[in-house]
Enquirer: 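Got a structure for you, questions after.
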There are 2 protein chains.
Amino acid sequence: MDIPSGDTARKRISESTIHRLSRYFRTLSLLEKENFETVSSKELAKREKLTPAQVRKDLSFFGSFGTRGLGYPVAELKAKVSRILGIDRIWRVALVGVGNIGSAMVSYKEFIKQGFHIVKLFDNDQRKIGSNHKGIIVSDIKNLRTELQDDRIEMVIVAVPATVAQYIVDDIVKAEVKAILNFAPINLKVPSGVHVRNENMVMELEYLSFAMVNHHSPKGGGKA
Amino acid sequence: MDIPSGDTARKRISESTIHRLSRYFRTLSLLEKENFETVSSKELAKREKLTPAQVRKDLSFFGSFGTRGLGYPVAELKAKVSRILGIDRIWRVALVGVGNIGSAMVSYKEFIKQGFHIVKLFDNDQRKIGSNHKGIIVSDIKNLRTELQDDRIEMVIVAVPATVAQYIVDDIVKAEVKAILNFAPINLKVPSGVHVRNENMVMELEYLSFAMVNHHSPKGGGKA
DNA sequence: TGCTAATTGTGAAGCATTTCACATGAGTAT
DNA sequence: ATACTCATGTGAAATGCTTCACAATTAGCA
């Protein structure tokens with residue numbers, strides 16, 4: 001399905017393509033540091049263990065960014081990709097559940113580096129409410145909906161036990177937040193228009209387990 | 001490509017299928033708790049937001065586990081799936097890098113629940129070496145290779161900065177460990193036969209970012 | 001025992017993604 | 001200028017994954 005929009009008609013872009021764009025972005029940042037002016041699809045592909053055609057096709061969904069005979073201008077392509085991914089800006093993020101994983105996320109530098117700023121924390125534990133984590137005071141989860149709205153939060157990271165995740169997500173949805181990163185091992189129900197990504201580390205270990213007991217050689221060498 | 005092996009010829013199984021098996025396993029555990037004797041592909045599909053055909057096809061790669069007209073026996077199918085995934089046993093796991101994320105992983109209950117036992121910790125920080133995390137003494141990373149071998153470690157979780165990840169992985173490979181879960185945002189180089197899965201939380205936020213700025217409706221409602 | 005309803009297992013069809021292959025355009029050197 | 005090289009952008013082919021559709025099989029019941 002094409003999604004007609006604003007000024008251009010957009011094709012449906014596959015999840016794989018979007019993930020590869022993230023990887024291109026990372027590699028382009030590196031190439032920039034290494035003072036490359038331009039990069040060919042061949043070089044980019046080599047670094048990502050992909051085919052050059054794949055790289056070119058991915059980029060071609062969004063425009064023509066290269067020069068025939070030369071390749072792609074690194075700095076410019078990086079800017080374009082960051083624009084496409086919507087990471088040429090700051091996102092206001094809240095985190096619910098200041099437990100093991102939650103605490104780790106608050107201190108996770110890669111988030112801030114990429115413009116994802118965790119600016120609010122929530123928990124239901126009285127001992128945690130009011131405490132200070134990296135300069136942020138933990139709020140009472142009772143006020144989740146109102147505070148998300150008042151603080152114009154755009155994304156929420158959910159790091160609570162599976163048993164309560166759905167209730168919390170219902171509140172998040174009520175607060176009109178449209179993007180959720182979920183660490184609870186559960187299939188969340190959200191209305192259409194709300195985006196959910198699940199981060200499930202157990203599933204990745206299970207994949208490794210499967211690969212080992214089956215002497216499995218995944219095509220392309222596995223998830224990169 | 002078919003992979004002929006031991007006594008049966010195995011088809012290449014897609015990454016998606018394996019991930020769905022993980023999800024089936026989770027749901028089957030739930031169904032078992034809810035005292036279901038049998039479950040149909042329709043019910044399973046409903047809970048996972050898939051099509052019944054998808055469920056049946058996934059399972060059919062590994063055998064015929066159902067009864068026509070009835071469905072699948074829950075307990076039995078759960079056992080079969082756990083067997084397929086190789087999680088009908090205990091895996092000995094080590095963790096390198098007892099920082100933010102590493103610490104969270106040590107305390108992460110879902111790992112133990114699924115048979116992934118973290119039994120060794122490594123770090124290069126003198127202040128951490130010798131300290132006790134959940135009953136495990138942190139070892140010096142200098143001894144990584146020998147201790148991995150001596151303790152018959154089968155999987156390693158890498159939670160170190162990107163700058164040193166490759167060196168550590170080289171050591172892990174030398175210790176003949178064949179499975180690595182990598183949290184560093186870098187494309188690791190490993191010889192064939194070594195399985196790597198990358199866990200990249202920034203990429204998931206970037207996907208959400210893309211979805212938001214593009215009013216993107218991913219097919220199937222996004223990653224589940 | 002025979003009929004009905006339910007649900008699996010699976011080839012084949014339908015889609016989606018990746019790769020191929022080549023025309024096209026840009027830079028370079030003589 | 002012209003020729004040569006390099007590398008993009010893109011239809012078309014190839015491959016892979018999902019869904020369809022239906023024969024086959026089982027349970028339940030009269």
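Side chains are part of it too, since the values below use all heavy atoms of this structure and drop only hydrogens, waters and symmetry mates. Keep in mind it's a predicted model, so treat the numbers as computed, not measured. Every chain is numbered from 1, with letters handed out A, B, ... down the list of sequences.
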Enquirer: Measure from NZ or CZ of B:R83 to the centre of the six-membered ring of B:F65 and say whether it is under 6.0 Å with the direction within 45° of the ring axis.
Expert: no
Enquirer: Given atom CD of A:E37 and atom P of C:dA26, what is their separation to the nearest angstrom?
Expert: 19 Å
Enquirer: Where the side chain of B:R56 is defined as all heavy atoms beyond and including C-beta, which of D:dT8, D:dG11, D:dC22 is the nearest nucleotide?
Expert: D:dC22
Enquirer: Expressed as a whole number of angstroms, how long is the span from A:K49:NZ to C:dT18:P?
Expert: 17 Å
Enquirer: Under 3.5 Å, is there a donor-acceptor pair linking the side chains of B:R56 and B:S41?
Expert: yes
Enquirer: Can a donor-acceptor pair be found between the side chains of B:N200 and B:E204 at a distance below 3.5 Å?
Expert: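 The criterion, which ignores hydrogens and geometry beyond distance, is not satisfied for B:E204 and B:N200.
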Enquirer: Going 5' to 3' through nucleotides 23-30 of chain D, assign each nucleotide B (protein heavy atom under 4.0 Å from a base atom), S (under 4.0 Å only from sugar-phosphate atoms) or - (no protein heavy atom that close).
Expert: BBBB----
Enquirer: Among C:dG11, D:dA21, D:dT8, which is the nearest nucleotide to the side chain of B:K57?
Expert: C:dG11
Enquirer: For D:dC6, does OP1 or OP2 lie under 4.0 Å from any side-chain N or O of A:Y72?
Expert: no
Enquirer: Roughly how many Å is it from CZ in A:R20 to C1' in C:dA16, rounded to a whole number?
Expert: 12 Å
Enquirer: Round to the nearest Å and state the distance from A:F61 atom CZ to D:dT8 atom P.
Expert: 16 Å
Enquirer: Tell me whether the side-chain N/O atoms of A:S16 come closer than 4.0 Å to OP1 or OP2 in C:dT17.
Expert: no
Enquirer: Would you indicate, yes or no, if D:dT19 has its OP1 or OP2 atom less than 4.0 angstrom from a side-chain nitrogen or oxygen of B:T51?
Expert: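 Answer is yes, contact under 4.0 Å.
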Enquirer: Between C:dG9 atom P and B:K80 atom NZ, what is the distance in whole Å?
Expert: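 Going from NZ in B:K80 over to P in C:dG9 covers 11 Å.
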Enquirer: Distance check needed: C:dT19 P versus A:L50 CG, whole Å only.
Expert: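 The answer, rounded to whole Å, is 8 Å.
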Enquirer: Check A:I84 against B:V213 and note the closest heavy-atom contact, atom names and distance.
Expert: O-CG2, 3.9 Å
Enquirer: Whole-Å distance between D:dC17 P and B:D58 CG?
Expert: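 One finds 11 Å between P of D:dC17 and CG of B:D58, rounded.
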Enquirer: What is the distance from CD of A:E15 to C1' of C:dT17, rounded to the nearest Å?
Expert: 13 Å
Enquirer: Out of B:V39, B:L77, B:D58, which residue meets the side chain to side chain contact (heavy atoms under 4.5 Å, CB included) rule with B:Y24?
Expert: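 The option that passes is B:D58.
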Enquirer: If we count only N and O atoms by modelled type, under 3.5 Å, do the side chains of A:D88 and A:S82 hold a donor and an acceptor together?
Expert: no
Enquirer: Which of these, B:L148, B:L95, B:V156, sits in a side chain to side chain contact (heavy atoms under 4.5 Å, CB included) with B:F122?
Expert: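 Among B:L148, B:L95, B:V156, the one meeting side chain to side chain contact (heavy atoms under 4.5 Å, CB included) with B:F122 is B:L148.
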